[in-house]
Amino acid sequence: MVMLILRIIGIAAAVVFLGFFVIPMTHGIINPGNIAGTFLCLWLLCVLIPPVHGAIKAFCFKHLFTKIVFRVVNIGFIAFAVYGAIVTSAMVWATCQAPPENSTAIVLGAQVKPWGPSVILRGRIDAAKSYLDDSPNANAVLSGGQGSDEIMSEAQCMYNVLTESKIDSSRLYMEDKSTNTTENIRNSMKIIEDNNLNTDITIVTDGFHQLRARIICSQLGIKGNVGAVSSDTRLLYVPTYAVREWFALPFQLLFR
């Protein structure tokens, strides 16, 4: 009975997460995160539904080659799921790091749409405003260059929205040359040093992004304390971008 209940729970979870991975594709969001997540959920359903698992196993075990493929694929998916669980736990830990008092916020950019900040960028702007409102003696570096499909730099977009939201412009510094997260943080730290700002920093970004940002801070040899302020990412997109980070982290560690 216990195994049956666990099987039902597993099937239900796989179906729910399958929806989380597939629905963003209908919104034009297709990346390694929701592609890998979709295959992981489909594999889990195949394992947990006895008739399906039995039919696949019976077919594969007819020949040595397909039997080996069956074993390798299963081991691969199990290893990937375990790796993902470990990384996700570390990602949750990274989001829980409290910002040091009056630390300088480094707000990481995201795409600017023709009509203004994207949903992701708007969330980061809102999180930065909340932090600056709660820490009146803190400053912020707004970091992000201008992509070929953007009407302005990400830093400029954040600056415009924050100043329109009554954040004093003297508290905001723009870093508008970076093209990736490593450059975001490296260039922002130079601005912090050049302007004698507090070298204790708080990374403002989405929760799924906080772990990689902390790893980059370590790689850059940042000496000050590093805190986290995470934006309210739409729940629909969290699984897709979290799984994408499963792929991004090894590249960050190996090919920074």
Side-chain angles (χ1 to χ4, degrees), residues 9-48 73 76-96 107-128 143-144 147 149-150 154 157-158 179-182 184-185 203-216 228-255:
I9 292 172
I11 292 171
V15 170
V16 169
F17 275 99
L18 184 61
F20 275 108
F21 291 122
V22 171
I23 292 174
M25 294 182 184
T26 66
H27 298 174
I29 299 173
I30 301 175
N31 60 46
N34 50 8
I35 293 172
T38 297
F39 279 110
L40 185 60
C41 289
L42 291 174
W43 168 79
L44 190 59
L45 288 171
C46 289
V47 170
L48 292 176
V73 168
F77 272 115
I78 292 170
F80 183 64
V82 171
Y83 161 76
I86 294 170
V87 170
T88 300
S89 298
M91 289 165 66
V92 171
W93 169 83
T95 67
C96 298
V107 190
L108 302 182
Q111 188 177 25
V112 177
K113 298 288 189 178
W115 55 85
S118 60
V119 172
I120 294 288
L121 185 56
R122 169 60 73 172
R124 296 179 187 183
I125 294 170
D126 290 345
S143 180
D149 59 345
E150 295 177 312
E154 295 161 9
C157 181
M158 290 189 279
T179 61
N180 57 50
T181 305
T182 299
N184 285 150
I185 297 174
I203 303 295
V204 180
T205 187
D206 293 84
F208 59 78
H209 199 207
Q210 290 287 0
L211 178 61
R212 182 150 56 100
R214 290 188 69 83
I215 289 172
I216 291 170
V229 167
S230 299
S231 57
D232 293 327
T233 312
R234 285 183 62 181
L235 181 61
L236 177 62
Y237 300 139
V238 171
T240 288
Y241 286 110
V243 175
R244 189 181 68 168
E245 287 295 305
W246 297 3
F247 293 94
L249 286 168
F251 278 93
Q252 184 64 50
L253 291 168
L254 297 173
F255 307 110

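Closest approach of F208 to A242, counting heavy atoms only: CB-CA, 4.1 Å. Among all heavy-atom pairs drawn from T38 and N34, the shortest one is OG1-O, 2.7 Å. Considering all non-hydrogen atoms of both residues, A127 and S231 come closest at CB-CA, 3.8 Å. The two residues C41 and L18 make their nearest non-hydrogen contact at SG-N, 3.6 Å. When all heavy atoms of A128 and V204 are compared, the pair lying nearest together is N-CG1, 3.8 Å.
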How far apart are the C-alpha atoms of F20 and V238, what are their side-chain angles, what is the distance that settles it, and do they pass the side-chain contact (heavy atoms from CB on, under 4.5 Å) test? CA-CA 8 Å; F20 275 108; V238 171; over 6 Å; no
Apply the test side-chain contact (heavy atoms from CB on, under 4.5 Å) to residues Y241 and I29: give CA-CA distance (whole Å), side-chain angles for both, the deciding distance (0.1 Å), then the verdict. CA-CA 10 Å; Y241 286 110; I29 299 173; 3.8 Å; yes
Is there a side-chain contact (heavy atoms from CB on, under 4.5 Å) between E245 and L211? Walk through the geometry before answering. CA-CA 9 Å; E245 287 295 305; L211 178 61; over 6 Å; no
Distance-only donor-acceptor pairs under 3.5 Å for side chains of residues 111-124, two or more places apart:
from: Q111; atom 1: OE1; to: K113; atom 2: NZ; distance (Å): 3.4
from: Q111; atom 1: NE2; to: D149; atom 2: OD2; distance (Å): 3.2
from: S118; atom 1: OG; to: Q111; atom 2: O; distance (Å): 2.7
from: S118; atom 1: OG; to: L121; atom 2: N; distance (Å): 3.3
from: R124; atom 1: NE; to: T205; atom 2: OG1; distance (Å): 3.4
from: R124; atom 1: NE; to: D206; atom 2: OD1; distance (Å): 2.6
from: R124; atom 1: NH1; to: L108; atom 2: O; distance (Å): 3.2
from: R124; atom 1: NH1; to: G109; atom 2: O; distance (Å): 2.7
from: R124; atom 1: NH2; to: T205; atom 2: OG1; distance (Å): 3.3
from: R124; atom 1: NH2; to: D206; atom 2: OD1; distance (Å): 2.9

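The shortest side-chain heavy-atom distance between W43 and I78 falls under the 4.5 Å cut-off.
For F39, the CZ atom counts as loosely surrounded, since its 6.0 Å shell holds 12 or fewer non-hydrogen atoms of other residues, nucleotides or ligands. The number of heavy-atom neighbours closer than 6.0 Å to CZ of F77, taken from other residues, nucleotides and ligands shown, is above 12.
A donor-acceptor pair is defined here as one N or O able to donate and one able to accept, closer than 3.5 Å; no such pair exists between the side chain of T88 and the backbone of A85. The backbone N or O of Y237 sits nowhere less than 3.5 Å from a side-chain atom of T240 that would complete a donor-acceptor pair.
Rounding to the nearest 0.5 Å places OH of Y83 at 5.5 Å from CG of L249. Taken from OG1 in T95 to CZ in R214, the straight-line distance is 10.5 Å, to the nearest 0.5 Å.
With respect to I216, the side chain to side chain contact (heavy atoms under 4.5 Å, CB included) criterion is satisfied by exactly one of I203, N184, N180, T181: T181.
Ring orientation note: the planes of F80 and W246 are nearly perpendicular, at an angle over 60° on the 30°/60° scale.
Scored by the side-chain contact (heavy atoms from CB on, under 4.5 Å) test, L48 finds R7, I11, L44 as partners (sequence neighbours excluded). Taking E150 as the reference, nothing meets the side-chain hydrogen bond (donor to acceptor under 3.5 Å, both in side chains) condition, with sequence neighbours excluded.
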